[in-house]
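So the structure is just underneath, and the comments pick up after that.
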Amino acid sequence: MVKRNFKPAAVLPFKALLNCALTLGALAVCVNAQAHLIYVSNEKDDTISIIDTSNNEVINTIEVGERPRGITFSKDFKTLFICASDSDAVQVFDVATSKVLHDLPSGEDPEQFVLHPDNKRLYIANEDDAVATVVDIESRKVVAQIDVGVEPEGMAVSHDGKFVIVTSETSNMAHWVDTTTNEIFANTLVDQRPRDAEFSLDDTELWVSAEIGGTVAVIDVATQVIKQTLSFEIKGISSDRVQPVGMELTADGKLAFIALGPANHVAVVDRSTMEVIDYILVGKRVWHLALTPEQDKLYTTNGVSGDVTVIDVASLRPEKSIKVGRYPWGAAVLPDEFKP
Amino acid sequence: MKSDSYNIRQVTAKEFSCRSAVLLNMKPLPDSHSPSNILFNMTVALMLFIGVFTGLFFGAAPALADVQTKIYYLEQQVDRAPSRSSLIQWPDDDGLMGAKLGIEDNATTGKFLKHTYSLEQHVVDNEQELLAQARRVLGQGSVLLILNAPAESVVAVAQLTESEDDLIFNAYSMRNSLRDEQCYPNVLHSMPSRNMLADALMQFFVKRDWQDLFLIEGNRANDQRYAESLRRSAKKFGLKLVKEKQWLVDADIRRNASLEVPAFTRARSYDVVVVADEDQDFGHYLLYNTWLARPVAGSAGLQPVVWSRVLEQWGALQLQSRFYKLAQRDMTGVDYANWAAVRSIGEAVTRLNSSEPAKIADYLLGDQFELAGFKGHSLTYRNWNGQLRQPVPLVHAYAVTANAPLEGFLHHSTELDTLGVDKQQSQCDKFE
């Protein structure tokens, strides 16, 4: 899962402008002047591929723990947290030196996590144990363990930090955790196999994708009740193959991107009408998504084809496939200005 | 470290919620005192009051939102033929452990809803004892029963109750007739039929363009049944049986496979050897010993299965490791079918807020039900014969080769119905 902590796009133009001025080149160069790095976890290679967004090439591949899945940066982008599921650890990776510093206690089989906006508490889904573990990243201690449903997977934290969501794949629930008490205060039943959860930027909506149900539930945060269920239909692709997983909501509130797994497409939802306006063809079994800080490009991890597709957000067209390791899973963005 | 306290909070918060179906989510935000929440709380108080009031006056109101689901598990142990290989062993708790994992999964979900699940198990070793237990269990009325027994016993138990208030799951027998002319309206099948397995294999042959089959049939009744399915399926997919042979009764194959098998499989041409040997008696000795250098499939080599330890995709690895933790062994197809039966019940109870077998049966056969079964498709029941639709993986000892239905085999309603007898051909007329 991809959790960003970018500054809103509006803060960035100054630096972008500077880059353009320096390049003195064609406009196209300006657009790509920002060289962000996309970190991609390769589940079956035990590595992380690093993609440079200025030329969309893999510039480095780093060995990490076994079966890396969820990855996320600290709020200062100095460290990257990696769920090394088969090592039963969350690894703390130093971005500057590209070295694993130490492990955090994570509970068994950590799959996904979210970092609380306080930059202190990491909420980890322990898939095999039906618990979520809360770890203090400074003291490296487990603060709490929360009993959740079977196979906790999707994790989200509201931008105001009040709520953490854990989705459990086999219980088909979104569990609502109050972060002041670390206790569950509500459960929302959704369709089969909920995979990913995302809060809207204003924290009024929670989006939950259901992989086997083939739907996305849009839940009202105030009441925890589903207000709308989105479904998808792609011509020539059997509905069984439409399996929503990772999601990204643009910061301007206009679009939502939903990875449809083995349908090999990303759905684009216009949030003003809540209609699907496009399906973009990507690689095989698309998992998770990451938007650049300018929100101009979307990167998708394609598990089966072992590549990453770059989508241009303005035109909604795929631009390039980048070969990475085997079974790329998560993606996290390191903005240019935070590069070591 | 584990916090248990929320369970209690949960309960109080939901006390009032049982009467309307929506309530699962209706708890005010923890730190919110907005007017709308005060209004909400008042509504809640009113609802609670009405609940207590009606309870007092009309009595007999069930415990609020409390749903207890009891599932009976009846197993008739089956004698397996002694195998030539000491590696092949059938676990004693085959099936039961799958049901137990299903109960655990249901219970973990249920604790958020005040739903509890229990399993009452009876394992016997002959049909008479099974029927005696079944009579006792069914005598209690409105029963959820999971059967692990040969087809004859399934029929005998089904005949004990024609009542729609009982719901029976066949989680063991693959007999085609149970889904066809011998179907019963209150018997669902979480185990696939032999026809479904055979169709999965034939789809793969079509895909690989292996048109000519050499069929070897074992000597036990189930081998003949499997061979019958393979013949039917070959015909359905337009493949040719160029040769058919009955396996030798007195072959000394463990020592002499390299002498016996080449001679036995001598023929001018075939693309693949298909073997029906359900007890794994001789099939594995065919590999690499066939007259022509051809693959072996069916009960050995490439096998269509309900479940296998080699399945990892679609989250299967999680089910595998949960199962291993519980049973200290790998999950079998029979375990899977039992797990799927218990999970089907759990899914229905979760959505219905009721454990009445008749309601559960309606729900499972309706449009709303689907179960995530770790096979890449949602699982549903065929409403014309009670069969659980499911993909059939094609595997060998260490890897998955394909997952049927294979791409390109199309069906107007769901590709899963390219496996097994379809509605138009079905002779089951007891549903609806």
Side-chain angles (χ1 to χ4, degrees), chain A residues 108-109 111 127-131 133 142-151 153 162-163 168-178 180-189 191-193 195 210-214 219-226 238-241 243 261-262 285 303-304, chain B residues 1-7 9-10 13-14 22-32 34 36-37 40 104-113 312-315 317-319 321-322 325 343 346-347 350-351 369-379 391 405 407 410-411 414-416:
Chain A
E108 254 186 82
D109 192 32
E111 175 163 5
E127 195 162 31
D128 279 356
D129 269 2
V131 294
T133 301
V142 173
V143 179
Q145 281 202 310
I146 306 160
D147 280 335
V148 294
V150 185
E151 291 174 34
E153 160 102 21
K162 282 185 185 168
F163 315 120
S168 46
E169 288 176 331
T170 292
S171 296
N172 304 314
M173 285 176 183
H175 306 286
W176 297 71
V177 176
D178 175 355
T180 56
T181 58
N182 284 331
E183 286 177 9
I184 293 177
F185 67 91
N187 304 284
T188 307
L189 262 179
D191 286 337
Q192 296 289 308
R193 222 171 148 70
R195 291 306 295 259
E211 183 181 27
I212 293 292
I219 301 168
D220 177 40
V221 171
T223 59
Q224 304 102 43
V225 173
I226 296 174
S238 132
S239 63
D240 281 349
R241 292 193 166 269
Q243 302 183 355
R285 201 157 184 212
V304 172
Chain B
M1 274 303 200
K2 291 198 178 189
S3 75
D4 289 313
S5 56
Y6 71 86
N7 264 338
R9 266 187 67 201
Q10 190 84 359
K14 293 220 179 89
V22 214
L23 348 182
L24 184 52
N25 313 306
M26 289 199 163
K27 178 137 192 259
L29 297 182
D31 55 352
S32 163
S34 67
S36 67
N37 269 304
F40 177 80
E104 275 192 8
D105 285 357
N106 286 353
T108 307
T109 306
K111 71 184 176 194
F112 298 105
L113 306 165
E312 289 192 10
Q313 262 204 68
W314 318 109
L317 203 54
Q318 295 146 37
L319 184 63
S321 58
R322 263 208 319 286
K325 215 180 257 185
R343 281 289 301 129
E347 189 54 29
T350 299
R351 307 283 167 173
F369 172 75
E370 53 179 2
L371 181 67
F374 304 94
K375 288 184 171 186
H377 287 252
S378 66
L379 312 184
E407 216 174 324
L410 303 177
H411 191 276
T414 161
E415 289 167 13
L416 289 172

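From a predicted model like this one, the values you see are computed outputs, not experimental measurements. What's counted below: heavy atoms across the whole structure, side chains too, no hydrogens, waters or symmetry copies. Here is the naming used below: chain letters follow the sequence lines, and residue numbers restart at 1 for every chain.
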(Q) What verdict does the side-chain hydrogen bond (donor to acceptor under 3.5 Å, both in side chains) test give for A:Gln145 and A:Thr133, after you've listed the backbone C-alpha separation in whole Å, the side-chain angles of each residue and the deciding distance to 0.1 Å? (A) CA-CA 4 Å; A:Gln145 281 202 310; A:Thr133 301; 2.8 Å; yes

Open item on the list: Under a 4.5 Å cutoff for heavy-atom pairs, which residue among B:Glu370, B:Gln318, B:His377, B:Glu104 has the most contacts with chain A?
Closed with: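 Of B:Glu370, B:Gln318, B:His377, B:Glu104, B:Gln318 has the most heavy-atom pairs under 4.5 Å with chain A.
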
Does B:Lys375 form a side-chain contact (heavy atoms from CB on, under 4.5 Å) with B:Gln313? I'd like the steps, not just the answer. CA-CA 8 Å; B:Lys375 288 184 171 186; B:Gln313 262 204 68; over 6 Å; no

Quiz prompt | Side chain, backbone, both or neither of B:Leu317 within contact of chain A (heavy atoms, under 4.5 Å) | solution =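 The side chain, not the backbone.
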
Practice prompt. Apply side-chain hydrogen bond (donor to acceptor under 3.5 Å, both in side chains) to A:Asp128 and B:Ser321, showing your working.
Written response: CA-CA 7 Å; A:Asp128 279 356; B:Ser321 58; 3.1 Å; yes

Out of A:Val150, A:Asn172, A:Asp191, return the one with the most heavy atom pairs under 4.5 angstrom to chain B.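 Option with the greatest count: A:Val150.
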
Please work out which of the three classes, parallel, tilted or perpendicular, describes the rings of A:Phe163 and A:Trp176, given edges at 30° and 60°.
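A:Trp176 vs A:Phe163 ring planes: perpendicular.
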
